[in-house]
Amino acid sequence: MSRIALVGAAALTLAGCSAGAQPGGGGGEGGASAWTLTGGAEETFRSSFQAWNDANGDSPITAEYFANDAFKEKIRTSVGSGNAPTLIYNWGGDTLESYVENGSVVELTGEIPEMEERALDSVLETGKVDGKLYAVPNNNTQPVILYYNTKLFEEAGVEVPTTWEEMLDAVEAFKAEGVTPISVAGSSQWPYLMWIQYLTDRIGGPEVFQAVVDGEEDAWSHPAITQALEKIQELVEAGGFGDAYGSVVADAGADVALVHTDQAAMMLHGSWVYSSFLTDAPEWTAEGNLGYTTFPEIEGGQGDPQNIVGNPANFWAVSADASEEEQATALEYLDDMNLDDAAVDTLFDAGLIPAVDGVEDRIAETEHPEYLDFAYSMVQDAPNFQLSWDQALPADQGQALLTNLSQVFAGEMSPEEFQTAMNGTL
């Protein structure tokens with residue numbers, strides 16, 4: 001998925017570079033810069049920056065694209081060293097709060113009124129710290145969805161699971177058919193979060209994780225988290241993820257490929273992967289082989305079954321280490337072109353849900369109205385939209401979470417051991 005190309009800023013075109021390239025960061029000679037991710041909304045970013053550069057030859061923005069895991073490591077180092085790109089791609093949450101606390105980003109309140117007007121209010125809130133705006137959404141809102149292979153379900157005579165017991169029944173049915181029930185990219189670790197997040201929320205509601213975010217003593221020991229971990233291991237022991245899930249890599253799209261090559265029946269993933277299905281398996285997807293639904297309910301659970309987890313969107317913040325000229329370029333770009341009509345159209349074409357207000361009528365005119373309406377409605381109707389845990393927590397806690405959770409999935413750590421270890425990070 002990583003496409004590597006380097007185009008000089010002097011040519012006034014978009015530069016898309018490999019992770020090894022060194023762009024002009026805060027105050028660098030290359031003018032304003034931006035780093036973002038490959039896949040997902042990549043084409044939207046490329047088109048948007050190209051349009052900006054075509055219209056603003058004297059103040060171009062040089063963009064680079066990275067795989068998810070490589071980006072997270074690189075951006076952490078660059079911000080800490082004062083060599084961040086002008087536009088800092090982030091997920092909000094504790095990462096953004098730490099940027100603000102350390103003076104790494106500038107306040108945007110009142111600086112980009114047109115952008116504030118465009119954005120979904122609920123999503124814009126994620127870009128605020130202490131009521132002040134420091135980041136604005138730059139792509140699609142990203143609820144986590146249960147995708148499924150309709151062809152495999154029909155062939156096995158299995159109903160789409162709406163409860164946890166039905167999920168376990170489906171796992172047994174697909175195992176009997178020689179099909180991997182659920183695809184998950186265990187090698188990347190972060191896809192595991194989607195399972196513990198939904199299970200914890202369905203069982204105990206959003207207050208359970210909020211106690212963790214608030215740093216309450218022994219917050220990880222909540223019974224809802226215990227039950228969520230037990231259900232994860234129940235699913236693993238039942239063969240829900242097959243035998244090789246620990247070697248599957250998300251950045252390579254291997255988890256998505258297992259579904260569209262009819263090797264796996266289900267996958268719990270963010271809405272951003274819909275574009276991967278369209279790109280990697282257009283005929284298979286067009287034939288109606290991809291289904292989508294909400295996460296199953298848990299009998300007796302306290303959480304609202306309409307609650308969702310994922311990322312309200314990804315965000316742009318502006319580096320405080322950039323020069324005044326670079327900051328001015330970034331602010332003008334954000335107000336004029338970030339998530340403008342052209343960007344919204346590009347997101348729709350990719351099967352992604354723009355984090356902007358009032359697009360219901362436009363959804364009906366897209367090539368993927370059914371899916372987009374389903375996902376957009378999930379966001380509109382959700383009583384609570386919980387941010388990905390690794391982004392909601394401080395970086396050290398987030399990494400500990402990924403490491404320990406991967407051991408739970410591997411059967412190398414009990415729920416109690418996980419909770420003890422995580423309580424130690426609070």
Side-chain angles (χ1 to χ4, degrees), residues 143-150 152-154 156-177 179-186 190-209 212 220-243 245 255 258-259 264-271 291-310 374 378 381-386 388-389 405-406 408-411 413-416 418-419:
V144 171
I145 295 169
L146 182 62
Y147 294 93
Y148 61 93
N149 185 315
T150 61
L152 292 178
F153 268 80
E154 290 171 5
V158 177
E159 295 294 322
V160 178
T162 60
T163 66
W164 187 251
E165 290 305 315
E166 290 176 358
M167 173 67 80
L168 294 175
D169 290 342
V171 165
E172 288 302 315
F174 284 117
K175 278 179 56 183
E177 295 289 325
V179 172
T180 299
I182 305 164
S183 172
V184 66
W190 57 264
Y192 288 152
L193 286 173
M194 305 179 201
W195 287 93
I196 189 173
Q197 281 193 248
Y198 259 131
L199 283 166
T200 299
D201 189 89
R202 290 289 189 268
I203 294 167
E207 298 80 10
V208 176
F209 183 65
V212 171
W220 283 103
S221 292
H222 195 286
I225 297 178
T226 307
Q227 293 175 44
L229 293 164
E230 289 172 347
K231 289 187 181 300
I232 286 171
Q233 293 195 324
E234 176 185 30
L235 195 59
V236 171
E237 291 168 6
F241 303 107
D243 300 322
Y245 60 93
D255 48 355
L258 288 173
V259 178
M266 293 175 279
M267 179 178 68
L268 187 65
H269 220 307
S271 60
Y292 34 85
T293 187
T294 54
F295 191 83
E297 295 184 34
I298 306 296
E299 185 177 355
Q302 301 301 307
D304 192 311
Q306 285 190 304
N307 285 349
I308 55 178
V309 307
F374 166 79
M378 278 185 73
D381 298 340
N384 185 266
F385 193 157
Q386 189 177 98
S388 296
W389 286 6
L405 186 58
S406 67
V408 170
F409 269 80
M413 180 179 277
S414 69
E416 292 75 17
F418 170 92
Q419 291 172 297

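Note that this is a predicted model, so its numbers are computed, not measured.
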Original post:
Okay, side chain of Gln419, backbone of Pro223: is any donor-acceptor separation there less than 3.5 Å?
Top reply: no
**OP:** Could you list the residues that satisfy ring pair (Phe, Tyr, Trp, His ring centres under 6.0 Å) with Trp190, not counting sequence neighbours?
**Re:** His269
Subject >> Option among Val208, Leu229, Ile298, Val212 that satisfies the side chain to side chain contact (heavy atoms under 4.5 Å, CB included) test with Thr200 >> reply: Val208
**OP:** Drop me the distance from Trp389's CH2 to Gln197's CD, to the nearest 0.5 angstrom.
**Re:** 6.0 Å
**OP:** Starting at NZ of Lys231, measure out to CG of Leu168 and round the result to the nearest 0.5 Å.
**Re:** 7.5 Å
Original post:
How would you list, by chain and number, every residue that makes a ring pair (Phe, Tyr, Trp, His ring centres under 6.0 Å) with Phe374, sequence neighbours excluded?
Top reply: Tyr292
Subject >> Side chain to side chain, Asn307 and Phe385, heavy atoms closer than 4.5 Å >> reply: no
Subject >> Flag if over 12 foreign heavy atoms under 6.0 Å of CD, Glu159 >> reply: no
Subject >> Within-4.5 Å side-chain heavy-atom neighbours: Glu207 and Gln302 >> reply: no
Original post:
Judged by atom type as modelled, is there a donor-acceptor pair below 3.5 Å linking the side chain of Arg202 to the main-chain atoms of Phe295?
Top reply: yes
**OP:** Only counting residues at least two apart or in another chain, list the ones meeting side-chain hydrogen bond (donor to acceptor under 3.5 Å, both in side chains) with Trp195.
**Re:** none
**OP:** Please report the closest heavy-atom contact between Pro206 and Gln386, naming both atoms and the distance.
**Re:** CA-NE2, 3.9 Å
Original post:
Where do Ser183 and Leu258 come nearest, in terms of heavy atoms and distance?
Top reply: OG-CD1, 3.6 Å
Original post:
Taking side chain as C-beta onward, heavy atoms only, is Ile232 less than 4.5 Å from Ile196?
Top reply: yes
Subject >> Any residue meeting ring pair (Phe, Tyr, Trp, His ring centres under 6.0 Å) with Tyr245, in chain and number order, not counting sequence neighbours >> reply: Phe241
Subject >> Taking every non-hydrogen atom, the tightest pair across Pro143 and Ile308 >> reply: CB-CD1, 3.9 Å
**OP:** Starting from the C-alpha separation in whole Å, work towards a yes-or-no answer on side chain to side chain donor-acceptor pair (under 3.5 Å) for Thr163 and Glu299.
**Re:** CA-CA 7 Å; Thr163 66; Glu299 185 177 355; over 6 Å; no
Original post:
Does a side-chain heavy-atom distance below 4.5 Å link Met167 with Leu146?
Top reply: yes
Original post:
For the side chain of Asn149 and the backbone of Val259, is there at least one donor-acceptor N/O pair under 3.5 Å apart?
Top reply: yes
Original post:
Can you tell if the side chain of Tyr147 reaches within under 4.5 Å of the side chain of Ser271, non-hydrogen atoms only?
Top reply: yes
Original post:
Gly240 and Pro181: which non-hydrogen atoms are nearest, and at how many Å?
Top reply: O-CB, 3.3 Å
**OP:** Please name the pair of heavy atoms, one in Ala264 and one in Leu152, separated by the smallest distance, quoted to 0.1 Å.
**Re:** O-CD1, 3.4 Å
**OP:** Find out whether Leu268 and Val184 are in side-chain contact, i.e. whether some heavy atom of one side chain is under 4.5 Å from a heavy atom of the other.
**Re:** no
**OP:** Supply the atom-to-atom distance Trp164 CH2 to Gln227 CD, rounded to the nearest 0.5 angstrom.
**Re:** 12.0 Å
Original post:
How many angstroms lie between CE in Met194 and CD1 in Ile145, if you round to the nearest 0.5 Å?
Top reply: 11.0 Å
**OP:** Could you tell me whether the side chain of Gln233 and the main chain of Val408 form a donor-acceptor pair under 3.5 Å?
**Re:** yes
Using atom types as modelled, flag every donor-acceptor pair under 3.5 Å from a side chain in residues 169-177 to any protein atom, sequence neighbours excluded.
| residue | atom | partner | partner atom | Å |
| --- | --- | --- | --- | --- |
| Lys175 | NZ | Ala238 | O | 3.0 |

**OP:** Kindly write out the residues that satisfy side-chain hydrogen bond (donor to acceptor under 3.5 Å, both in side chains) with Glu166, not counting sequence neighbours, or none if the list is empty.
**Re:** Thr162
**OP:** Supply the atom-to-atom distance Glu237 CD to Glu230 CD, rounded to the nearest 0.5 angstrom.
**Re:** 10.5 Å
**OP:** Output the distance between atom CG (Asn384) and atom CZ (Phe209), rounded to the nearest 0.5 Å.
**Re:** 11.5 Å
**OP:** Check whether any side-chain heavy atom of Gln306 lies under 4.5 Å from a side-chain heavy atom of Thr294, and answer yes or no.
**Re:** no
Original post:
Going through the checks in order, is the side-chain contact (heavy atoms from CB on, under 4.5 Å) test met by Asp255 and Met267?
Top reply: CA-CA 8 Å; Asp255 48 355; Met267 179 178 68; 4.1 Å; yes
Subject >> Asp381 atom CG, over 12 foreign heavy atoms within 6.0 Å >> reply: yes
